[in-house]
Each structure stands twice: as C-alpha cells, then as structure tokens.
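Let me begin by presenting the structure, written as structure tokens, before commenting on it.
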Amino acid sequence: MIKDLPDNTVKDVAVAVALEGENIRDKTWYVYLINLKNEPIENVLITSKGYGEKDGEQVKTSTLRHMFPKVNEGGFVLIEPIDEATFGLSNEYWLSYYIGKDIYDKKFIFLPESIVESNFIKLPVVNKPGVMIR
C-alpha cells in the first residue's frame, strides 16, 4: 500500500546555473549540484536535456547523463557547461541518489527565460551569482 512506502522526499539538495565569467563577446555558464545536507549523497545520477519551442518549431537537445560516486555534505559538483542559447528552452535535470540503502529522486526544471539577472542570488557553497532550484 502507498502508506507503507517510505517518504523519500528530496530536501536540502539544489541544482544551480551559475555565471562563471564574462567578457566583451560572451558569458560562461555552468550547472552545479549543491548538497546542503549534513551528510553525503552517493551514487548520484543526473540526466539533463532541453526542450521547447524556438522560432515556431519544437526543439530538443541531446540527453546527457552524469554520474558522481559521492557528493560530500556541504559540497558541490560541476554537472556541465550550459549554452546561453538554451535559456529560451526548458532545461531539465533529473537527479537520483542514495543515502544508505534509500534512493531519492527529483526533477528540477529551469523554465524558459528563468535564467535571467533579475532572478540571480548568491549561490550557497559555490559563492557565485546564479539561479537555483531547491
């Protein structure tokens, strides 16, 4: 029964898009996984993809998969660079990880045009400007 299933709600884990640097021609952006827990997460699997409409046509990016054996408590890992051209799409990051023998998973979606300067915060742990979803 549903009441017998464990409550494996993802808490204190975030995906963030950070502005790494900029020059006259372009900006450099990276996507991070931030572990705000007081314990490590292990066997971390993240799939990423972009999708949506651009110039009146449906667009899908490649699906990428990333694996990290462990993300320490209060730590972060670099998932991937991200191109500014995809900010007009929905950018989805599906996260799965273990704590002990329990598995957790959550989908993080940056909606089109949500990665803008007006939404920037100082990202915890990474200490860079960017947009974060918890």
Side-chain angles (χ1 to χ4, degrees):
M1 296 293 203
I2 291 179
K3 65 180 171 66
D4 298 325
L5 294 174
D7 179 28
N8 291 355
T9 304
V10 173
K11 295 178 185 168
D12 299 326
V13 177
V15 174
V17 176
L19 176 61
E20 290 291 315
E22 57 186 308
N23 59 36
I24 295 171
R25 282 185 262 141
D26 58 358
K27 296 179 180 179
T28 304
W29 301 87
Y30 288 117
V31 182
Y32 291 96
L33 173 66
I34 304 172
N35 181 7
L36 300 167
K37 294 180 168 301
N38 293 324
E39 59 188 329
I41 58 176
E42 298 179 324
N43 297 318
V44 179
L45 177 65
I46 301 169
T47 60
S48 64
K49 65 181 177 180
Y51 53 88
E53 190 174 304
K54 188 169 184 174
D55 300 327
E57 293 187 28
Q58 289 297 313
V59 177
K60 289 169 85 172
T61 66
S62 299
T63 299
L64 303 175
R65 290 169 184 81
H66 310 276
M67 203 309 186
F68 305 98
K70 183 177 183 179
V71 181
N72 290 324
E73 60 275 5
F76 66 91
V77 292
L78 171 65
I79 299 172
E80 64 188 14
I82 186 169
D83 189 334
E84 242 179 319
T86 65
F87 290 177
L89 302 174
S90 294
N91 289 283
E92 176 183 296
Y93 296 87
W94 195 334
L95 166 71
S96 296
Y97 63 88
Y98 283 86
I99 296 178
K101 293 184 179 187
D102 294 325
I103 189 168
Y104 298 79
D105 73 309
K106 182 175 180 177
K107 197 180 291 186
F108 298 85
I109 301 174
F110 292 91
L111 296 174
E113 309 304 335
S114 64
I115 305 170
V116 292
E117 197 168 333
S118 61
N119 291 337
F120 279 13
I121 61 168
K122 182 177 181 186
L123 299 173
V125 184
V126 180
N127 293 321
K128 297 179 184 193
V131 178
M132 181 174 81
I133 300 175
R134 275 181 105 160

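In this text, all values refer to a predicted model and were calculated from it rather than measured experimentally.
- A pairwise comparison of heavy atoms in G50 and T61 identifies N-OG1, 2.6 Å as the closest pair.
- Using a 4.5 Å cut-off between side-chain heavy atoms of Ile, Leu, Val, Met, Phe, Trp and Tyr, with links allowed through other members, I99 and V71 fall into the same hydrophobic cluster.
- From I41, atom CD1 reaches atom CD of E73 across 10.5 Å, with rounding to the nearest 0.5 Å.
- Taking the six-membered ring where the residue is Trp, F120 and W29 present perpendicular rings, their angle passing 60° and hence far from 30°.
- Across all their heavy atoms, L123 and A18 have their closest contact at CD1-CB, 3.5 Å.
- Between H66 and F68, the ring planes lie parallel to each other; the angle is under 30°, not in the 30° to 60° tilted range.
- From I133, atom CD1 reaches atom CD1 of I109 across 8.0 Å, with rounding to the nearest 0.5 Å.
- Among the candidates D105, D102, V13, L33, the single residue satisfying the side chain to side chain contact (heavy atoms under 4.5 Å, CB included) test with Y97 is V13.
- In terms of heavy atoms, P112 sits closest to S90 at CD-OG, 3.4 Å.
- V15 and I121 fall into different hydrophobic clusters, where Ile, Leu, Val, Met, Phe, Trp and Tyr are joined by side-chain heavy atoms under 4.5 Å apart, directly or via other members.
- Formation of a donor-acceptor pair under 3.5 Å by the N119 side chain with backbone atoms of S114 is found in this model.
- Tracing side-chain contacts under 4.5 Å through hydrophobic residues (I, L, V, M, F, W, Y), one reaches L36 starting from L78; they form part of the same cluster.
- For N38, the CG atom is loosely surrounded, since the number of other residues' heavy atoms within 6.0 Å does not exceed 12.
- In this structure, NZ in K107 is found 12.5 Å from CG in L95, a value given to the nearest 0.5 Å.
- L45 and V31 are members of different hydrophobic clusters when ILVMFWY side chains are connected at heavy-atom separations under 4.5 Å.
- Using a 4.5 Å cut-off on side-chain heavy atoms (C-beta onward), M132 and V126 make no contact.
- Taken to the nearest 0.5 Å, the NZ atom of K11 stands 11.5 Å off from the CZ atom of R134.
- Proximity of a side-chain donor or acceptor of N35 to a complementary backbone N or O of N72 within less than 3.5 Å is detected.
- Here the side chains of I82 and F87 are in contact, with some heavy-atom distance below 4.5 Å.
- Here S96 contributes atom OG and I103 contributes atom CD1; the two are 5.0 Å apart, rounded to the nearest 0.5 Å.
- Here the OH atom belonging to Y30 is positioned 11.5 Å from the CG atom belonging to L19, to the nearest 0.5 angstrom.
- Closest approach of I34 to A16, counting heavy atoms only: CD1-CB, 4.0 Å.
- Within a 6.0 Å radius of NZ in K49, other residues, nucleotides and ligands contribute 12 heavy atoms or fewer.
- Taking both residues in full, the closest heavy atoms of Y93 and E80 are given as OH-OE2, 3.1 Å, listed atom of the first, atom of the second, then distance.
- In this structure the side chain of I79 never reaches within 4.5 angstrom of the side chain of S48, judged on heavy atoms.
- By the criterion of side-chain heavy atoms lying less than 4.5 angstrom apart, applied directly or through intervening Ile, Leu, Val, Met, Phe, Trp or Tyr residues, Y32 is not grouped with V10; the two fall into different hydrophobic clusters.
- Residue Y98 qualifies as open at atom OH: its count of foreign heavy atoms under 6.0 Å is 12 or below.
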